[in-house]
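Some notes on the structure that comes next.
Here is how names work: the chains are called A, B, and so on, in the same order as the sequence lines, proteins then strands, and each is numbered from 1.
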There are 2 protein chains.
Amino acid sequence: MSITGPDEEREFLAAYRPEDYHPVAVTVDTVALTLRGGALSVLLIRRAMPPFAGFWALPGGFVRTDKTASGHLVEEDLDEAAMRELTEETGILADSHLEQLATYGDPTRDPRMRVITVAYLALVVDPPDPVSGGDAADAAWTPVAELNLATADAAAGAGARRGRPLAFDHARILADGLERARAKLEYTPLATAFLGPEFTIAELRAVYEAVWGRRVHPGNFHRKVLSVPGFVVETGQVTERGGPRGGRRAQLYRAGDARLLHPALLRPAGEGAEQ
Amino acid sequence: MSITGPDEEREFLAAYRPEDYHPVAVTVDTVALTLRGGALSVLLIRRAMPPFAGFWALPGGFVRTDKTASGHLVEEDLDEAAMRELTEETGILADSHLEQLATYGDPTRDPRMRVITVAYLALVVDPPDPVSGGDAADAAWTPVAELNLATADAAAGAGARRGRPLAFDHARILADGLERARAKLEYTPLATAFLGPEFTIAELRAVYEAVWGRRVHPGNFHRKVLSVPGFVVETGQVTERGGPRGGRRAQLYRAGDARLLHPALLRPAGEGAEQ
DNA sequence: GAAATAGTGTCTCTTAGACAGTATCAA
DNA sequence: TTGATACTGTCTAAGAGACACTATTTC
């Protein structure tokens with residue numbers, strides 16, 4: 001019953017015709033987050049083509065698995081596809097952080113055919129305004145607070161921009177991406193991926209406050225960050241000036257080499273965000 | 001440039017021919033874990049068909065997206081596909097826990113064609129011996145300790161059973177599944193999914209010890225589990241007998257309704273497991 | 001009774017969080 | 001000088017882990 005010899009295996013592979021099987025497409029969609037004016041913002045595009053033409057959506061598109069005009073077979077990894085689509089549709093580079101989120105495969109999630117999408121979470125440092133391209137009619141950094149995401153059950157079809165919900169199941173993907181970011185701030189140095197190479201403790205605290213949507217005690221936060229080995233390392237430099245309305249000049253830090261935070265910075269246990 | 005009207009959208013969808021695009025296949029593979037004789041074990045199958053015929057692998061297979069002989073279009077969600085393939089190939093039911101792990105899409109991971117696989121983690125309570133079926137020539141619960149998984153970098157091609165490495169990139173998927181299980185024991189009540197409806201604190205501790213691969217202090221564990229709200233609830237019953245070589249009879253508990261553990265049961269910080 | 005297991009008491013060390021105080025800067 | 005911001009000191013409560021002790025059961 002089983003085929004075990006190398007010759008049989010070679011024959012089997014030669015006779016295998018991919019196009020006979022499995023009419024399914026694979027896309028990638030990216031939840032790209034950044035801090036703009038202190039507000040946690042997500043990169044959205046307005047779809048130029050059906051389905052959901054005119055709707056806002058996460059940037060993304062089909063993974064390249066097909067032959068090009070030159071007959072060359074394009075084979076890109078999923079991560080590469082996510083970065084390529086992000087740049088094509090918005091001009092934004094996911095240079096600070098990119099990680100896989102989850103895969104969504106509800107058979108009804110795309111009206112065209114069976115499409116499963118691999119979702120990514122990207123963080124971007126101090127990005128420019130996006131420039132729409134490809135299948136995107138528009139692109140914009142959108143404050144997360146402006147989207148009607150009930151913090152608990154955004155899965156239930158919420159996530160609207162200017163009154164219109166997001167395309168496909170993108171509201172749920174966005175909610176999952178936000179939760180991932182919130183959770184990873186607790187036990188990884190992910191917050192530093194929102195910031196440039198040098199930052200102050202107050203800027204780091206601003207990341208936590210924006211992502212968690214709650215105030216963090218400045219004094220305790222300061223002491224705690226410095227007490228976690230490898231989280232940040234002192235540069236010896238201080239900021240050029242104090243705050244705009246007075247205040248001491250702050251030490252500058254760089255991200256350390258810790259990949260996990262011990263001890264972790266736990267979210268306050270209290271309920272929902274305040275915004 | 002953009003198509004926004006409902007008529008245009010309908011026309012576009014009617015003209016869309018899925019088979020023109022994207023020769024890619026989607027599979028699901030499951031890391032099914034259980035406790036057998038106190039040892040953390042994973043369900044493996046021996047492949048009957050190329051590629052990797054004769055190799056041990058994770059149970060899994062193609063997601064059904066094609067027309068059957070009757071012309072009926074089978075559309076199953078990814079979770080359903082994972083459960084179906086698990087049962088087809090091994091006879092085992094993933095009835096206790098099933099969650100998505102990650103998706104693996106390296107263009108070279110399958111010699112046939114572009115195959116991306118959505119990996120799942122399943123937990124099974126006190127399972128029978130598997131019965132191989134479908135494309136599986138054999139199936140067996142295999143103690144994780146018997147696989148040569150260097151705890152740190154099993155990704156690098158390790159994960160061998162009886163001298164032979166696992167098929168495809170399944171060693172890496174298995175390593176990711178184990179790490180997911182280990183991490184989730186810390187902050188979720190996942191350990192109860194390894195056990196039947198009623199269990200003792202010692203049985204719960206045995207789960208932690210098997211999955212983490214290290215001894216856990218009985219007294220402190222006991223007090224700590226009871227101190228976490230909603231982790232376990234007392235049944236009022238006790239075990240029929242004490243231990244086989246003496247010992248007090250133990251209280252029986254059921255899983256509580258907590259979905260997160262506050263405070264968490266953190267892994268001891270020390271390096272590598274002991275086994 | 002001896003050995004094993006269940007469960008509790010208690011001590012020390014560390015951490016979270018509240019609060020207050022000092023240091024330094026802009027206007 | 002005032003007010004804002006950076007940073008530090010200190011106190012309290014709670015949790016982690018070590019250790020020891022009591023309770024109950026099997027052999």
What's the CG-P distance between A:L265 and C:dA16, to the nearest Å?
7 Å
Just checking A:P244: base, sugar-phosphate only, or nothing, at a heavy-atom cut-off of under 4.0 Å?
sugar-phosphate
For residues A:F199 and A:Y253, establish whether the separation of their ring centroids is below 6.0 Å.
no
After noting the C-alpha distance and the side-chain angles of A:D138 and A:S132, does the key distance pass the side chain to side chain donor-acceptor pair (under 3.5 Å) rule?
CA-CA 5 Å; A:D138 196 0; A:S132 63; 5.0 Å; no
Would you kindly compare B:H217 and B:R241 by the position of their nearest DNA chain D nucleotide and give the one closer to the 5′ end?
B:H217
Atom CZ of A:F221 and atom C1' of D:dC7 are separated, to the nearest Å, by 14 Å
Between the side chains of A:Y120 and A:D79, is a donor N or O closer than 3.5 angstrom to an acceptor N or O?
yes
Side chain of B:I201: nearest nucleotide among C:dA16, C:dG7, D:dG15?
C:dG7
Which nucleotide wins on minimum distance to the side chain of B:R248, given the candidates D:dC27, C:dT5, C:dT15?
C:dT5
Rounded distance in Å - CG (B:L261) to C1' (D:dA16)
15 Å
Candidate list A:R267, A:R182, A:R215, test salt bridge (charged side-chain N to carboxylate O under 4.0 Å, His left out), partner A:E209, passing option
A:R215
Look at all strands and tell whether A:G243 reaches a base, only sugar-phosphate, or nothing, counting heavy atoms closer than 4.0 Å.
sugar-phosphate
Select one nucleotide: of D:dC19, C:dG17, D:dC7, the one nearest the side-chain heavy atoms of A:K224.
C:dG17
Can you work out whether A:A264 or B:N220 has the more 5'-proximal nearest nucleotide on DNA chain C?
B:N220
Quick one: label B:R223 by what it contacts on the DNA or RNA (base, sugar-phosphate, nothing), any heavy atom closer than 4.0 Å.
base
